Engineer: 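I'd like to ask some things about the structure below.
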Protein chains: 2
Amino acid sequence: MRKLTVKERVVEAALDLFQEKGYHGVSVEELVERAATSKGGFYHHFKSKGDLLYEIYDIFISYVLNETKNACAEHHSAIDQLDTLMRTFMNVFNIYQRHITVFYNESVYLLPEHEALINKKRTAYRKLLEQILTNGQQQHVFRQELSITITAMLIIGTVNWTYKWYKQHGALTMHDITRYFNDVILRGVMTEEGYREASTKQYLL
Amino acid sequence: MRKLTVKERVVEAALDLFQEKGYHGVSVEELVERAATSKGGFYHHFKSKGDLLYEIYDIFISYVLNETKNACAEHHSAIDQLDTLMRTFMNVFNIYQRHITVFYNESVYLLPEHEALINKKRTAYRKLLEQILTNGQQQHVFRQELSITITAMLIIGTVNWTYKWYKQHGALTMHDITRYFNDVILRGVMTEEGYREASTKQYLL
DNA sequence: CAATTTAAACCGACTAGTCGGTCTGTATGG
DNA sequence: CCATACAGACCGACTAGTCGGTTTAAATTG
């Protein structure tokens with residue numbers, strides 16, 4: 001295993017400590033001690049403590065957005081796309097759960113200039129999901145009477161909330177959880193025609 | 001309108017300011033200024049800043065728990081109970097959205113003794129929901145193959161996440177949102193028999 | 001290859017300011 | 001006269017960020 005750089009060690013330390021005590025519960029002093037570096041080292045790599053917070057956000061949100069874009073582009077069926085979006089996001093938990101926790105708990109403390117950058121990517125992600133739902137309506141596999149906005153928020157709420165309770169080494173694997181989520185949500189949004197399509201694939205329990 | 005007491009003014013100020021800037025973004029100094037009182041006044045009513053945070057939590061979680069308990073006790077059908085639980089929680093947003101926002105954003109900063117108290121009530125609420133799902137399975141209106149735990153988290157995630165995007169005076173009313181959520185979730189979890197029951201009532205779109 | 005230069009990486013004592021909390025004093029109503 | 005409700009000056013602890021200096025390592029030169 002390659003030796004970690006100072007910057008990487010700081011991010012690692014921040015993820016652990018911020019999760020445990022929150023952004024404001026951890027001083028730069030404590031942070032650099034855990035990362036086995038110094039104040040000077042820290043401020044050599046980061047403009048400010050807030051800069052570090054932004055960096056943590058960006059690593060995770062950029063990853064999700066790119067992965068999801070690429071994955072969805074490989075499918076035409078909205079059912080496949082929705083499955084892929086959910087699966088992609090849920091998989092991210094196994095890599096980035098700490099990032100996500102910090103992301104959602106501490107977002108008010110982002111500096112305004114950072115907030116704007118992050119919001120752009122968040123919106124892009126939401127639009128992606130809404131487009132999938134619209135595709136599904138046009139393909140007659142998702143019900144016409146659904147509100148795109150509300151349904152999108154239901155899905156985002158369901159998957160995002162997982163960060164609050166999912167334990168990496170708990171009894172429930174991310175794979176199981178995703179199967180159950182997919183099952184309930186697909187049944188909730190699909191038409192009869194959609195049902196027939198989904199039944200030929202492996203999405204329902 | 002009755003004149004507010006100092007304590008009430010402090011809580012009001014805290015809700016507005018904590019939402020905007022986060023718990024750590026607001027000093028006691030700023031808080032008492034907004035509440036038109038003083039440090040002395042504040043510490044006469046609260047043991048500490050953390051005590052205020054706890055008070056905000058408790059107002060909201062106690063309310064939800066009691067309302068939900070009472071409301072669910074009035075029904076036998078699990079479908080009615082689930083509808084009532086969702087409706088009750090969603091209604092709370094119109095009164096307590098600020099409490100909820102602070103609740104979820106700042107929970108890491110709760111003092112350990114307060115955290116334990118809050119967690120008890122959170123768990124009680126989750127058990128209530130899980131019991132409803134179990135009832136539904138026994139009444140053969142919810143599908144047997146559902147995981148109680150995962151389904152409960154899907155529902156809690158969906159309703160809780162609403163605090164992130166719901167705007168009191170936006171285009172979507174809480175009533176509409178609840179109807180859509182109920183529709184998708186019920187269709188997701190019900191059996192054929194459940195469908196027949198729900199169709200005779202007003203739950204589906 | 002060794003000597004020299006240069007720039008980036010890193011250190012930690014220090015500062016200026018902030019924050020939660022205390023304490024003493026005052027006012028008011030019963 | 002006394003308890004409760006408040007006011008605001010004050011304190012000690014702590015924090016983000018700075019700055020002058022040192023180490024490290026790579027590039028350049030003779």
Side-chain angles (χ1 to χ4, degrees), chain A residues 2-58 102 105-115, chain B residues 2-58 102-103 105-115 118:
Chain A
R2 178 179 60 85
K3 244 176 101 180
L4 295 176
T5 66
V6 169
K7 195 166 177 179
E8 286 165 342
R9 291 206 308 273
V10 169
V11 170
E12 279 298 307
L15 286 168
D16 288 341
L17 290 173
F18 287 175
Q19 253 191 115
E20 191 189 335
K21 311 181 177 193
Y23 176 71
H24 283 92
V26 181
S27 67
V28 176
E29 197 82 27
E30 186 179 358
L31 197 58
V32 298
E33 193 177 336
R34 170 76 72 103
T37 178
S38 64
K39 276 278 186 80
F42 178 88
Y43 282 98
H44 179 71
H45 292 289
F46 301 95
K47 279 171 69 181
S48 66
K49 195 184 174 189
D51 195 43
L52 165 63
L53 191 61
Y54 168 70
E55 198 128 332
I56 289 174
Y57 276 45
D58 197 57
V102 175
N105 286 343
E106 316 288 348
S107 60
V108 262
Y109 301 119
L110 267 184
L111 300 170
E113 65 263 34
H114 292 153
E115 200 185 355
Chain B
R2 180 177 58 87
K3 244 175 102 179
L4 295 176
T5 66
V6 169
K7 194 167 178 178
E8 286 165 342
R9 290 206 309 274
V10 169
V11 171
E12 278 299 305
L15 286 168
D16 288 341
L17 289 172
F18 287 175
Q19 250 190 118
E20 192 189 336
K21 310 180 176 192
Y23 177 71
H24 282 92
V26 181
S27 66
V28 177
E29 197 83 27
E30 189 180 355
L31 198 56
V32 297
E33 193 177 337
R34 169 77 71 106
T37 179
S38 63
K39 280 276 188 85
F42 179 89
Y43 281 98
H44 179 71
H45 292 287
F46 301 95
K47 280 170 67 182
S48 66
K49 195 184 174 189
D51 195 43
L52 165 63
L53 191 61
Y54 168 70
E55 198 128 331
I56 289 173
Y57 275 46
D58 197 57
V102 174
F103 185 84
N105 286 343
E106 315 289 348
S107 60
V108 262
Y109 301 119
L110 267 184
L111 300 170
E113 66 263 33
H114 292 152
E115 201 185 354
I118 295 292

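All of these numbers come straight from a predicted model, not from anything done at the bench. Naming: A, B, ... by sequence-line order, numbering from 1 per chain. Values reported hereafter were calculated over all heavy atoms of this structure, with side chains retained and with hydrogens, waters and symmetry mates removed.
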Engineer: Using nucleotides 22-26 of chain D, report all nitrogen or oxygen pairs with the protein that are shorter than 3.5 Å.
Structural biologist:
none

Engineer: Base, sugar-phosphate, or nothing: which does V26(A) touch, judged by heavy atoms less than 4.0 Å apart?
Structural biologist: sugar-phosphate
Engineer: Rounded to the nearest Å, what distance is computed from the NZ atom of residue K47(B) to the C1' atom of nucleotide dT22(C)?
Structural biologist: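 Rounding to the nearest Å, NZ of K47(B) and C1' of dT22(C) are 16 Å apart.
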Engineer: How many Å lie between NE2 on H24(B) and P on dT18(C), as a whole number?
Structural biologist: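 H24(B) atom NE2 is separated from dT18(C) atom P by 17 Å.
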Engineer: Quick check: closest heavy atoms across L110(B) and I118(B), and the distance to 0.1 Å?
Structural biologist: CD1-CG1, 4.0 Å
Engineer: To the nearest angstrom, how far is F46(B) atom CZ from dT22(C) atom P?
Structural biologist: 15 Å
Engineer: In whole Å, I'd like the distance from the CD atom of E29(A) to the C1' atom of dA13(C).
Structural biologist: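 These atoms are roughly 10 Å apart.
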Engineer: Could you check how far CD of E33(B) sits from C1' of dC6(D), rounded to whole Å?
Structural biologist: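 Checked: the CD to C1' distance equals 17 Å.
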Engineer: Check the interface with nucleotides 7-11 of chain C: list each N/O to N/O pair with the protein under 3.5 Å, or write none.
Structural biologist:
unit_1, atom_1, unit_2, atom_2, d
dA9(C), OP2, H44(A), NE2, 2.6
dA9(C), O5', H44(A), NE2, 3.3
dC10(C), OP2, H45(A), NE2, 2.6
dC11(C), OP2, T37(A), OG1, 2.8
dC11(C), OP2, S38(A), N, 3.3
dC11(C), OP2, S38(A), OG, 3.1
dC11(C), O5', S38(A), OG, 3.4

Engineer: Less than 4.5 Å apart, side chain to side chain, heavy atoms only: is that true for H45(B) and V10(B)?
Structural biologist: no
Engineer: Under the 3.5 angstrom rule, does the side chain of E106(B) hit a backbone N or O of Y23(B) as a donor-acceptor pair?
Structural biologist: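 A pair under 3.5 Å: yes.
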Engineer: How long is the line joining OH of Y43(B) and P of dT24(C), in whole Å?
Structural biologist: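 To the nearest whole Å, that distance equals 17 Å.
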Engineer: Does some side-chain heavy atom of S48(B) sit less than 4.5 Å from a side-chain heavy atom of L111(B)?
Structural biologist: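 SC-SC contact between L111(B) and S48(B) confirmed.
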Engineer: Which atom pair, heavy atoms only, marks the closest approach of D51(B) to F46(B)?
Structural biologist: OD2-CA, 3.8 Å
Engineer: Using whole Å, what does the distance between atom C1' of nucleotide dC19(C) and atom OH of Y23(B) come to?
Structural biologist: 11 Å
Engineer: Name each donor-acceptor pair under 3.5 Å that joins a side chain in residues 24-43 of chain B to protein atoms two or more places apart or in another chain, with its distance.
Structural biologist:
unit_1, atom_1, unit_2, atom_2, d
S27(B), OG, E30(B), N, 3.2
E30(B), OE2, K21(B), NZ, 2.6
S38(B), OG, G41(B), N, 3.2

Engineer: Tell me: CG of L53(B) to C1' of dG21(C), nearest whole Å?
Structural biologist: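 Going from CG in L53(B) over to C1' in dG21(C) covers 17 Å.
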Engineer: Could you pull out the closest heavy-atom pair between V108(B) and E20(A), with the gap in Å?
Structural biologist: CG1-O, 4.2 Å
Engineer: Treating K47(A) as the side-chain partner and L52(A) as the backbone partner, does any N or O pair qualify as donor plus acceptor under 3.5 Å?
Structural biologist: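 Checking the backbone N and O of L52(A) against the side chain of K47(A), no donor-acceptor pair under 3.5 Å is found.
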Engineer: Give me the ring orientation class for Y54(B) and H114(B): parallel if the planes are under 30° apart, tilted from 30 to 60°, perpendicular past 60°.
Structural biologist: parallel
